[in-house]
Colleague: 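Quick one: the structure is below, questions incoming.
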Amino acid sequence: MSESPCDHDSPMWTPCNEDVNSLLCRSFPGDASYRELREEHLAPEAPVHIHAPQVFKNANLVHVISVEKNYVKESINVVIENIDKAAQDEYFIPFTADQVSRLGGVEVKDRKDATAGPFTAEVAEFDPTSDTQYLRIQLPTPLKSGAQQTLGINYYLLKAYKPLPAAIAQDEPQFLAYSFSAYAPSVYTTSKQKTEVKFPSTSIPDYTKLPGSGDIKEFPQKQGSKLTYGPFDEKPAGAVEPVEVRFEFTKPVTHISLLERDIEVSHWGGNVAFEERYTLYHRGANLSALFNRVKWSQSQYYNPNTYAIKELKFPLKVGSADAYYTDVIGNVSTSRFRSNKREALLEIKPRYPIFGGWKYPFTIGWNSDAKNFLRKLSGGGYVLNVPFLEGPKQVEGVEYEQALIRVVLPEGAENVKYYTTIPPSSISEVEVQTHKTFLDTIGRPAIVFKARNLVDDFRDRELVVTYDYPLSATLRKPLIVFASMMALFVSAWALGSVDLKFSSK
Amino acid sequence: MSANSLQVLAAAGKGESTRTALRVIILCLIAAAAVSSRLFSVIRFESIIHEFDPWFNFRATKYLVANGFYKFWDWFDDRTWHPLGRVTGGTLYPGLMVTSGVIYHALRALTIPVDIRNICVLLAPAFSGLTAFAAYLLTNEMTTSNSAGLLAAAFMGIAPGYISRSVAGSYDNEAIAIFLLVFTFYLWIKALKLGSMLWGALCALFYGYMVASWGGYAFITCLLPLHALVLICMGRYSTRLYVAYCTWYALGTLASMQIPFVGFLPVKTSEHMPALGLFGFLQLLAFLDYVRSALPSRQYQTFLWLFAGGTFGLGLAGLVIATSAGIIAPWGGRFYSLWDTSYAKIHIPIIASVSEHQPTAWPAFFFDLNFLIWLFPAGVYLCFQQLADEHVFIVVYALFGSYFAGVMVRLMLTLTPVVCVAAAIAISTVLDTYLDARSPDPENAKAEEAVEGATKKASKSGLKSTTKPLVGIYSYVSKGVVVTAMTLYLLLFVLHCTWVTSNAYSSPSVVLASKLADGSQHIIDDYREAYQWLRQNTKDDAKIMSWWDYGYQIGGMADRPTLVDNNTWNNTHIATVGKAMSSSEEVSYPIMRQHEVDYVLVVFGALLGYSGDDINKFLWMVRIAEGIWPDEVKEREFFTPRGEYRVDDQASETMKNSLMYKMSYYNYNSLFPPGQAQDRVRQVRLPEVGPTLNVLDEAFTSENWIIRIYKVKDLDNLGRDHASAAAFDRGLKKKRAAKKRAPRVLRVE
């Protein structure tokens, strides 16, 4: 697959010219206010119940499932054809409720026409209690009756695997199992389809075998580290063929349940400070026996390949400085930070090797010169351009269940606008809060992005914030400090000159 | 030109406001020096809480900040002393935590949100600056010399004896208590000098603060009445003394009784009786004073003797009866150990097992006080020369402080302030004498000296100096030599203090530092590695059994319930843990089951050569357990027949079978080639076959093996005991192997 969600050719911008608060009113699907809002929108199409209208047909579909990393990346490339009489602009994909809760990073584009954008994809809430949920893809221009369009739908599924066996010894290889349907999920009739599964290695001890069709005797076909189910002939809407694969994955299954990322801009200090707090879990196989230090230190010599997390590497932006790495009980000394003109690499080691089922929360942070991220606009405003996500870069990938990105602007900044290239469906809520910290009187505006189900493929997505910062706001802090010190001195002098003694004369 | 500017400078130096400004600046600099000299560990390592007790204080402070004052006051902690729990709010000195909490909230109110950890780490250095100021005030009460106070402040700021308990991160009660001690003494002197009720009340207020902060408040409780008694015996009873003492005692006692941990102790225990007794005595004296003014002197004499004898006899009898009836508690164990240094070793091993309760070695005095220790007697001598009421205080304090510092290492802390004050008096006297009246013109100097000598003489009413020539230092050589020598000593003192602070007192002890081959610092962080593992990967209420030293750290860093901790309030419970550690597996297992122990934590230094490990502390566990179960645990059995404490193959059977030994050396052999296992602390080669463990599973061992954590096995599924279950497992494997290996022999005939 050449189209990865990281491609920049079709930026999903969210232009924001109005008040930020009213802009992206997305919240978690369970949120009551959100539901109300959606219902209002849905009012005209209320008759639509569980099934989406059969207005499309999938002429040809290729479903690529990549289990190379510790999350699943799926892409569905499908030629859709409007079989209805009227022009249609809404295409649906079904998911189970469980999948929807783990679904993230949905991006849709036209495979033939890169300029046809933007496709918005979001979960359509027909019936929150039903097990079948739908992803609604809004086509930018309604597809005429009988016309075809090629969609490239990319999405990620987190927490996708279960280790099998669930508990293994410290030095054994780890195997993961993944269940899916050999037929791509669809609410429409699919004329022709195939499913490809890509594995991290050729070691795939178990996979479900299906009777073949046509000249192929048995599905799947195995080519190196790839399995191919199909091509299948026409399947009705909602057809499912459960399939399970089990493959070797002797790498950590790093899962970050919560990432809190703070970006704090200081104009006086000329500094942008980053701090990230991770709650990290290893979702791989548990230890069958308790941790054995002797075995561990010996295996470090002859077989360093292990499924335990030994090290995390954070390639930071060039120019980062003063990196620190702590956890709840203080500094962790096992880290290295290399910063030069070409790179700034923070390598951290957890206090102990993290095996399956273990947890390790930690905090890292660093500073950077403001000029690396902050630019003054000719109109007087400022524009801040920072990466949305800067997690560890691991071969096996990293998944984030919840991310809370907070951009703290200087006190008195106003007219705050933002846009980001992260898929809008991943951001569940954006709000502007007031953050009060050192010597603040009115507090600093802080934009808080709540995002969910992200993966490290989104590491280099941008987050752009523009704001105005008038001179009066710049001078507020020194003036207030000066005034309060003066007030202190004056009151001390006034108190000192009060004579409380009885006159000695 | 230059002379002109010098004159201007000199003139400026003479103005009163300039002097005040200078003094303020110097005091600020001294405070800055005091603070910065305590920051070694923060710069070298990080902002971290040190050692053991501070971890509890830190945890309590976090609780206070999170839950508010009233909840803190009523805090029942079920995560320590499992299954007993601890009424923490009622059994601690809250002063330290409340101080930090107030600072925390005050800074918040000033919109300076500082992390509570940083406040706790930096509290001791900040208070050391205040202590220096308090020493300045106290010394100024003793002498008219302006320099003495500043010198005392400087000494107090950097004396290692005080730094030892107040470096950044040593968040202990002493951190604020020494300031309160010195300041209370200053207020006492002030109250006594002025006979002022206001100062007496202030003194009581700070005494109350002191009581809320540190158990060492008893030092004040005993010292002030003693001072008063000495004054009375010297015939210096005055209304000033009466007012000062009675104000202090009445208000101070009331204040101290507000602390739940102290409660009614001030009227119940022997430690507080001198203060109460003297309070009564002063009332009698005041009464007698009144009677004397009303009666003729001969009748008064008789009255006095009868009255004094009767009162004394009654009082003593009352005290004895009350003590034996149990109304007044007799002296506590720690106090007995102050009189007889071997008392604790025999009767209360738990007190003796703490290294800071050991008697002080002589070099420690020089180590902690450097040249102050030999100036100290000189200063006390100078106090004798003047011997006003306040000088008597210094003399009394010096005597008692020296004694207590001699019997217990940690009480060096209470001696340090008086040493600083006395030494400052001595040095300032020397410097005032030898630096006096230096002017470029020798004749002028002579004249000035003569004038000064004359005034001195005039002020002294003695007769012996009238015929003698003027006393003064005439020779510049002697002036130069003495001044140079003193300057040198002062400089050496600074060097010594810096060296001691940097090398002896700035290690957090949670983190160990070592040097790599290339000279770079390598940090050994095993404690936190293991604690973090416990915190993240065991269930929230997993009970950890370890020796009590690590209780506070486990509570603070691993956030898990412990059986015993550094509070040591329940000797039996500690002895139970000691028994579990020192008995064989069969005996220990039921104890651990009964206490719902999930994990056992031991500290093991053999791989790294870390000498503060549990095997070296093991004999104390044995002794403490023996104190409760003399029939089951016997110290003698842990020694070889020749009386040696060994861990190698010569070790006694009891030693080898003890749980502590097994936990320490379990699996240690497999790290070495066969027969090469080496204990780097005790410098011995270990037996070729390591111990086997049946009732415990190794759960975690830190990188350098300093911390080893074992999981207590559940009961066997088939109802066997663990030893036979383990033997069965091992035996089964062997049998299988044997079966495979032995070929079947077919009988042919």
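In the text below, chain A, chain B and the rest are named by the order of the sequence lines, each starting its count at 1. In this text the structure is predicted, and so the values were computed from the model without any measurement.
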Colleague: Does any heavy atom of chain A fall under 4.5 Å from the side chain of B:Ile49, the backbone, both, or neither of them?
Modeller: neither
Colleague: For chain A, which of B:Leu110, B:Leu107, B:Ile523 has the most heavy-atom pairs under 4.5 Å?
Modeller: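 The residue among B:Leu110, B:Leu107, B:Ile523 with the greatest pair count is B:Ile523.
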Colleague: Please look at A:Pro361 and chain B and tell me whether the side chain, the backbone, both or neither of the residue comes under 4.5 angstrom of a heavy atom of that chain.
Modeller: both
Colleague: Any chance CZ of B:Phe672 has more than 12 other-residue heavy atoms, nucleotides or ligands included, within less than 6.0 Å?
Modeller: yes
Colleague: Could you list each N or O donor-acceptor pair linking chain B to chain A at a distance under 3.5 Å?
Modeller:
{"from": "B:Glu46", "atom 1": "OE1", "to": "A:Asn331", "atom 2": "N", "distance (Å)": "2.6"}
{"from": "B:Thr111", "atom 1": "O", "to": "A:Leu439", "atom 2": "N", "distance (Å)": "2.5"}
{"from": "B:Thr111", "atom 1": "OG1", "to": "A:Leu439", "atom 2": "N", "distance (Å)": "3.3"}
{"from": "B:Asp525", "atom 1": "OD2", "to": "A:Arg351", "atom 2": "NH1", "distance (Å)": "3.1"}
{"from": "B:Arg528", "atom 1": "NH1", "to": "A:Ile329", "atom 2": "O", "distance (Å)": "3.0"}
{"from": "B:Arg528", "atom 1": "NH1", "to": "A:Asn331", "atom 2": "O", "distance (Å)": "3.3"}
{"from": "B:Arg528", "atom 1": "NH2", "to": "A:Asn331", "atom 2": "O", "distance (Å)": "3.0"}
{"from": "B:Glu529", "atom 1": "OE2", "to": "A:Arg293", "atom 2": "NH2", "distance (Å)": "2.6"}
{"from": "B:Gln532", "atom 1": "NE2", "to": "A:Asp327", "atom 2": "OD2", "distance (Å)": "2.9"}
{"from": "B:Asn537", "atom 1": "OD1", "to": "A:Lys359", "atom 2": "N", "distance (Å)": "2.8"}
{"from": "B:Asn537", "atom 1": "ND2", "to": "A:Tyr352", "atom 2": "OH", "distance (Å)": "3.2"}
{"from": "B:Ser670", "atom 1": "O", "to": "A:Gln298", "atom 2": "NE2", "distance (Å)": "3.4"}
{"from": "B:Thr701", "atom 1": "O", "to": "A:Arg293", "atom 2": "NE", "distance (Å)": "2.6"}
{"from": "B:Thr701", "atom 1": "O", "to": "A:Arg293", "atom 2": "NH2", "distance (Å)": "2.9"}
{"from": "B:Ser702", "atom 1": "O", "to": "A:Arg293", "atom 2": "NE", "distance (Å)": "3.3"}

Colleague: Is the number of heavy atoms from other residues, nucleotides or ligands under 6.0 Å of B:Phe58 CZ greater than 12?
Modeller: yes
Colleague: Please name all residues satisfying side chain to side chain donor-acceptor pair (under 3.5 Å) with B:Asp541, sequence neighbours left out, ordered by chain then number.
Modeller: none
